[in-house]
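Starting from 1, each residue takes its place in the sequence as its number. Hydrogens, waters and symmetry mates play no part in the numbers below; they use all other heavy atoms, side chains included.
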Amino acid sequence: GVKYSKVLAKKLLAKRDSIDVIHSHNTFHPLNYQIYLFSKKNQKKVAYHPHGALDPNLFKGYSFDSIKKKLYIFLFERRLLKAANVVFALTDIEKQQLSSFGVEQNVYVIPNGVGDKKIVTKLGINKEYQIPKDSFVFLYVGRIVSKKGLHDFIEAFYIVNQLKPNNYFIIAGNDKQDPNYTNVLLQLIEKFQLQDSVRFWGFVNEANKDKLFAVADVFIHASYSEGMAMSILEAMSYGKPCLVTTGCFMQDAADSDAVLQVEQSIEGLKNGMFSLINSKDITATLSDNSLRYVQKEHSWESIAKKVIHLYK
């Protein structure tokens with residue numbers, strides 16, 4: 001990776017007189033340290049945004065990667081965060097996580113934002129995308145890596161499908177990012193004979209995202225650890241009922257009945273799926289609440305005002 005950016009250094013020097021605040025999103029990256037040195041030397045304010053990367057669940061145990069991250073936090077990251085003028089946490093839980101590392105001053109909770117989406121009708125899209133008629137469609141959009149818990153969801157999906165057939169699961173994302181994990185999922189699909197019910201969609205661009213969300217009855221996110229998943233906020237902005245696990249840290253939305261949050265387990269996912277499949281009232285309520293919630297709590301306009309206030 002990049003240890004020192006000559007391009008960044010050149011641009012910072014060129015803009016030095018017009019810079020008031022530098023806002024960095026480079027946790028576990030030496031660029032954070034480069035920005036810290038520039039800010040200290042030139043008396044500029046600095047803001048850091050970890051985006052959930054310091055969740056202790058991400059580096060439990062004694063693997064090489066875990067030990068490396070713990071050392072980096074101890075030697076560099078904690079020092080940088082404690083010296084910052086502003087540290088942004090996405091949730092109260094992330095604020096608590098930062099506190100556990102001794103970062104307690106100047107920490108402010110500002111969630112991610114999402115823009116308005118074009119909500120299109122489902123009519124005709126199932127046929128266009130060759131999705132079986134009258135299927136109850138679950139959708140996941142995001143990275144296809146183990147921490148996203150897709151293996152748990154596929155197993156829960158199999159159990160549900162045994163009792164309530166005619167369900168369909170779309171996994172949208174780059175299935176070549178982690179070939180080993182993709183292979184694990186393919187083996188599960190073969191084991192449970194779900195080849196006709198689970199579909200890898202591949203990467204979906206913005207032009208086709210409206211249609212993909214239109215065919216979904218429920219958006220799912222079974223992650224073990226998230227700062228605040230943009231894909232969940234996107235799904236909510238389309239008015240989709242969302243089934244999420246506790247690792248997604250969407251507690252505020254769950255408390256507002258804007259998402260259905262379940263325990264981090266196959267059993268939890270199974271029970272959540274049954275609730276959504278069996279009750280149109282629940283899905284309708286979640287749909288209405290999700291859209292209303294993101295418009296109130298996650299509009300870019302309101303978030304920008306909060307961020308600018310903290311910059312000052």
Side-chain angles (χ1 to χ4, degrees), residues 1-12 21-112 142-152 174 177-182 184 221-230 245-249 264 310:
V2 177
K3 295 181 180 179
Y4 177 85
S5 172
K6 293 181 179 179
V7 174
L8 176 62
K10 185 177 180 180
K11 288 190 178 293
L12 287 173
V21 183
I22 305 174
H23 190 149
S24 179
H25 303 258
N26 299 291
T27 306
F28 292 124
H29 199 294
L31 289 181
N32 264 5
Y33 189 64
Q34 182 177 349
I35 288 166
Y36 162 75
L37 293 176
F38 176 87
S39 301
K40 186 176 180 181
K41 180 179 180 181
N42 294 279
Q43 297 182 315
K44 303 296 182 182
K45 291 181 180 179
V46 63
Y48 289 122
H49 218 137
H51 292 282
L54 295 174
D55 179 359
N57 290 313
L58 296 176
F59 35 87
K60 290 190 297 187
Y62 299 96
S63 68
F64 175 74
D65 191 53
S66 294
I67 293 171
K68 182 173 67 173
K69 285 186 174 180
K70 289 173 185 175
L71 281 172
Y72 194 88
I73 291 169
F74 179 76
L75 294 173
F76 299 104
E77 207 71 55
R78 182 171 61 176
R79 174 188 173 190
L80 301 181
L81 293 170
K82 291 180 78 169
N85 298 95
V86 179
V87 177
F88 290 101
L90 294 171
T91 62
D92 287 323
I93 292 174
E94 185 176 12
K95 186 175 181 178
Q96 293 168 13
Q97 292 169 350
L98 290 166
S99 178
S100 72
F101 292 112
V103 182
E104 298 178 310
Q105 302 297 317
N106 302 322
V107 181
Y108 301 91
V109 176
I110 304 289
N112 280 334
R143 293 193 301 140
I144 302 175
V145 294
S146 61
K147 84 161 192 167
K148 302 298 183 179
L150 292 168
H151 52 287
D152 289 339
N174 180 7
Q177 180 177 359
D178 186 342
N180 290 333
Y181 184 62
T182 298
V184 168
H221 212 301
S223 180
Y224 284 81
S225 176
E226 293 292 323
M228 180 172 286
M230 287 300 302
T245 50
T246 50
C248 295
F249 298 135
Q264 196 78 42
L310 291 174

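Residues L90 and H49 have side chains in contact (heavy-atom distance under 4.5 Å, counting atoms from C-beta outward). Between L31 and L8, the closest side-chain pair of non-hydrogen atoms falls below 4.5 Å.
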Run the side chain to side chain contact (heavy atoms under 4.5 Å, CB included) test on H221 and T245 for me, step by step, so that the C-alpha distance in whole Å, both residues' side-chain angles and the decisive distance to 0.1 Å come before the verdict. CA-CA 7 Å; H221 212 301; T245 50; 6.0 Å; no
Walk me through whether K68 and F59 qualify under side chain to side chain contact (heavy atoms under 4.5 Å, CB included). CA-CA 9 Å; K68 182 173 67 173; F59 35 87; over 6 Å; no
Under the salt bridge (Lys or Arg N to Asp or Glu O under 4.0 Å) rule, what do K148 and E226 come out as? Steps first, then yes or no, please. CA-CA 9 Å; K148 302 298 183 179; E226 293 292 323; 2.5 Å; yes
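Under the salt bridge (charged side-chain N to carboxylate O under 4.0 Å, His left out) criterion, E94 pairs with no residue, sequence neighbours left out. Applying the side-chain hydrogen bond (donor to acceptor under 3.5 Å, both in side chains) rule to Q105 yields no partners; only residues at least two apart in sequence or on another chain are considered. Partners of I93 according to the side-chain contact (heavy atoms from CB on, under 4.5 Å) rule, which considers only residues two or more places apart in sequence or in another chain, are T91, Q97, F249. Residues passing the side-chain hydrogen bond (donor to acceptor under 3.5 Å, both in side chains) test with Q177, sequence neighbours excluded: none. The ring pair (Phe, Tyr, Trp, His ring centres under 6.0 Å) check on Y36 picks up Y33, with sequence neighbours excluded.
Here H23 and Y48 keep their ring centres 6.0 angstrom or further from each other.
Within the model, atoms NZ of K41 and CG of L12 stand 11.5 Å from one another, a figure rounded to the nearest 0.5 Å. Taken from CG in L98 to OG in S100, the straight-line distance is 7.5 Å, to the nearest 0.5 Å. The CG atom of N57 sits 6.0 Å away from the OG atom of S225 when rounded to the nearest 0.5 Å. In this structure, NZ in K45 is found 10.5 Å from CG in N106, a value given to the nearest 0.5 Å. In this structure, CG in D55 is found 11.5 Å from CD in Q96, a value given to the nearest 0.5 Å.
Looking only at distances, a side-chain donor or acceptor of S39 sits under 3.5 Å from a matching main-chain atom of I35. Side chain of K147 to backbone of S223: no donor-acceptor contact under 3.5 angstrom is found.
Other residues, nucleotides and ligands contribute more than 12 heavy atoms inside 6.0 Å of the NZ atom of K70.
Shown here for F38 and K44, the closest heavy-atom pair between the two residues is CE2-CG, 4.3 Å. When all heavy atoms are compared, the tightest approach of I144 to L150 is CG2-CD1, 4.1 Å.
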For a quick test of your reading: what N or O donor-acceptor pairs under 3.5 Å do the side chains of residues 73-89 make, sequence neighbours left out?
unit_1	atom_1	unit_2	atom_2	d
E77	OE1	F28	N	2.9
E77	OE2	N32	ND2	2.9
N85	OD1	V46	N	2.8

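For the residue pair D178 / N180, no side-chain donor-acceptor distance below 3.5 Å is found, with atom types taken as modelled. A donor-acceptor contact closer than 3.5 angstrom is absent between the side chains of D65 and S63.
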